[in-house]
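Take a look at the structure below.
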Amino acid sequence: MVFNHDATDPLAVVTAPPPDETPEEKAAREEREAEAQRISNMIDEDIREERVTLKKQEQIVKILLLGQSESGKYFTFHFRMRFARDKWAQERASWRTVIQLNLVRSVNTILEALQREITDTEDTDDTMTFTDKHHLLRVRLRPLRGVESDLKRLLGARPDEVQEPLSPESPTISPRTSSEFFVRSWTWRSFLQASSPRNGDTQRRSIRHDGVNSHDITEVIAGCKNDIRDLWEDSTIQELLIRRRARLEDSASFFLDASERLTSRDYEPTDDDIVRARLRTLDIQEHELSVDEDGEAQTWKIYDVGGSRTQRNAWLPYFDQVNAVIFLAPVSCFDERLQEDPRVNRLEDSFILWKAICSSKLLSRTTLIIFLNKIDLLEKKIASGVMINRYLPSYADRPNETTSVVKYLRQKFKDTVKHNSPEPRMCHIYQTSVIDTKTTAQTLLSVRDGILREHLKKANLV
Ligand SMILES: Nc1nc2c(ncn2[C@@H]2O[C@H](COP(=O)(O)OP(=O)(O)OP(=O)(O)O)[C@@H](O)[C@H]2O)c(=O)[nH]1
Ligand SMILES: [Mg+2]
């Protein structure tokens, strides 16, 4: 296309071709003008595409999950189970490996405690009595040390990240923190792809990775079935765990109680198993879901962060443009300390984090949702007689009962929003035990409706 030179337009007069233009000069000029027009069209197209992308991005609901390590952020599994069924069906089978790792790690922790007791009390009178049965169990369960490393490798850990648990015979035993396993978003994804059945292949495929074969691992674990049960059910071992204050993970007893099922060769994880599985998050994991609202699907992006202190500086870039923050505060941990910094009480750490989130200017227009999580464990602790005011002096002489404790904590988190938010705002508080799949599903619907309502309100205001 060639520019139209209108003599009444002052700009056209300036850009008009010279009157004595030769045919060659005219051809060159027209070529230049056609090129300029082509570039201008390209720029217009880019702008149009950018606008469409921006519009789409505005419609995506972004949710950020925050909270200290082991707060229960993995509950996104409920969202995925409901709103990303296909992906979830693929992912489900691979949780078998994670659950096997959880079980094996717990057994190894018990064996380490046993070894520590034997070594530490060797030359003293203060020793427990172990029989041949205990010594035999130690020997027969020894292969599980190698299995723990193999499972980690199978889940994508690099060789330098897989430290074989120290030999139970070794005098220095590794604390639980050093062996806690994590997942990186990228390795996890590739692992999932490699492990999910494809092309209608519904038969269980043996997963191979880094020279490790899942079939061999399952065989070793199945071979330890009776010994794992005998170890866990032994009253001397139970006494030992109390005496050594062995810190097993929250879900250890659930998996150990179910060890006969978990160690079987054809074991398939149930939803209840998966929600109890522990796999520490490293980096930020992004989950995309298509959430239905009156037949209309909306894209949600959920960002699940690693909660330990060393991971927290990676959170900030995700504060931008986020629609809702779901903060998980595990209320049962009032008497526990952070693994990464044993000087800090875990409940106190949640208070500090929550205050920082409420005060953040970047989050000043973000919907805030808080889950007072692990209520089931809080109930158990209180029922066992642990006094909350011993660890939380501000609780003073209020009744040592779950309802009263939850009411107090609710108010404390609410007050923090009130006194620290840059602009006045509401906060939605839920009491949860995210391992309870039924009630969490109901909570989830309420959370979904709340987020969608707020999203709509903000979209209409803009
Ligand atoms: N009993 C009980 N266990 C829970 C509850 N919520 C979480 N857990 C368990 O606590 C453990 C930690 O949960 P995760 O979701 O992996 O913790 P996280 O917050 O993602 O931790 P990082 O990835 O380290 O940031 C898992 O074994 C869960 O099954 C709960 O409400 N009750
Ligand atoms: Mg996590």
Side-chain angles (χ1 to χ4, degrees), residues 63-81 95 98-103 105-106 109 155 176-177 179-185 187-188 247-258 262 269-287 302-315 318 325-334 336 338-341 346 349-350 353-354 370-384 402 406 409 430-441 443-444:
I63 299 170
L64 184 59
L65 296 182
L66 299 176
Q68 63 187 208
S69 192
E70 283 190 80
S71 55
K73 295 184 290 302
Y74 175 59
F75 92 101
T76 47
F77 132 79
H78 290 282
F79 276 112
R80 280 180 288 140
M81 196 165 76
W95 278 94
V98 177
I99 291 163
Q100 285 177 328
L101 176 60
N102 276 232
L103 176 71
R105 270 165 44 73
S106 297
T109 306
L155 285 167
R176 174 160 94 77
T177 34
S179 60
E180 197 174 39
F181 189 57
F182 52 80
V183 60
R184 280 197 177 74
S185 39
T187 46
W188 178 237
R247 192 185 183 296
L248 291 171
E249 285 158 5
D250 285 339
S251 303
S253 60
F254 173 83
F255 289 135
L256 285 160
D257 284 344
L262 268 54
T270 64
D271 290 346
D272 275 350
D273 294 342
I274 295 171
V275 77
R276 283 178 162 87
R278 167 73 180 139
L279 191 64
R280 205 179 124 206
T281 313
L282 203 72
D283 306 336
I284 313 276
Q285 300 206 34
E286 183 183 321
H287 303 288
I302 301 186
Y303 302 95
D304 174 11
V305 306
S308 60
R309 285 199 157 182
T310 49
Q311 302 276 309
R312 294 180 191 170
N313 44 12
W315 296 3
Y318 290 81
V325 163
I326 302 181
F327 180 74
L328 281 104
V331 289
S332 62
C333 61
F334 61 86
E336 295 169 23
L338 288 182
Q339 284 194 352
E340 62 269 35
D341 187 349
R346 285 187 66 191
D349 180 63
S350 275
L353 266 180
W354 181 240
I370 179 163
F371 281 14
L372 302 180
N373 194 32
K374 303 202 180 183
I375 298 281
D376 58 321
L377 295 177
L378 175 74
E379 268 166 4
K380 269 192 200 158
K381 254 184 205 173
I382 289 182
S384 75
T402 310
V406 173
L409 293 175
Y430 295 89
Q431 287 162 231
T432 57
S433 296
V434 298
I435 51 151
D436 179 343
T437 42
K438 259 199 195 140
T439 48
T440 307
T443 307
L444 199 80

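We number each residue from 1, following the sequence as shown. Any value given below was found using the heavy atoms of this structure, including those in side chains, with hydrogens, waters and symmetry copies removed. Not measured: the values here are computed from a predicted model. Read the numbers this way: they start at 1 and go in the same order the structure lists the ligands and their atoms.
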Notebook entry, point to check: Taking C-beta and beyond as the side chain, do Arg309 and Asp341 meet within less than 4.5 Å on heavy atoms?
Noted result: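 Side-chain contact under 4.5 Å: yes.
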
Next item on the list: Below 4.0 angstrom from a heavy atom of Ser433, which ligand 1 atoms are there? Numbered from 1 as shown, please.
Entry: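 Once the distances to Ser433 are compared, the set is 31 (O).
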
Counting heavy atoms only, which part of [X] comes closer than 4.0 Å to ligand 1: side chain, backbone, both or neither?
X      : value
Leu328 : neither
Ser69  : both
Ser332 : neither
Val434 : both
Gln68  : backbone

Check: Taking only residues two or more places apart in sequence, or in another chain, which ones meet Lys374 in a salt bridge (Lys or Arg N to Asp or Glu O under 4.0 Å)?
Finding: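 Applying salt bridge (Lys or Arg N to Asp or Glu O under 4.0 Å) to Lys374 gives Asp250.
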
Checklist line | Residues Thr439 and Asp436: side-chain donor-acceptor under 3.5 angstrom | finding: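 Per modelled atom types, Thr439 and Asp436 side chains form a pair under 3.5 Å.
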
Next item on the list: Below 2.8 Å of the Mg ion (ligand 2), tally up the protein N/O/S atoms for me.
Entry: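 Atoms of protein N, O or S type lying less than 2.8 Å from the Mg ion (ligand 2) total 1.
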
Notebook entry, point to check: Does Gly67 come within less than 4.0 angstrom of ligand 1, counting non-hydrogen atoms of the residue?
Noted result: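 Outside the 4.0 Å threshold, so no.
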
Check: Would you call Arg312-Asp349 a salt bridge at under 4.0 Å N-O?
Finding: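 Yes, Arg312 and Asp349 are salt-bridged.
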
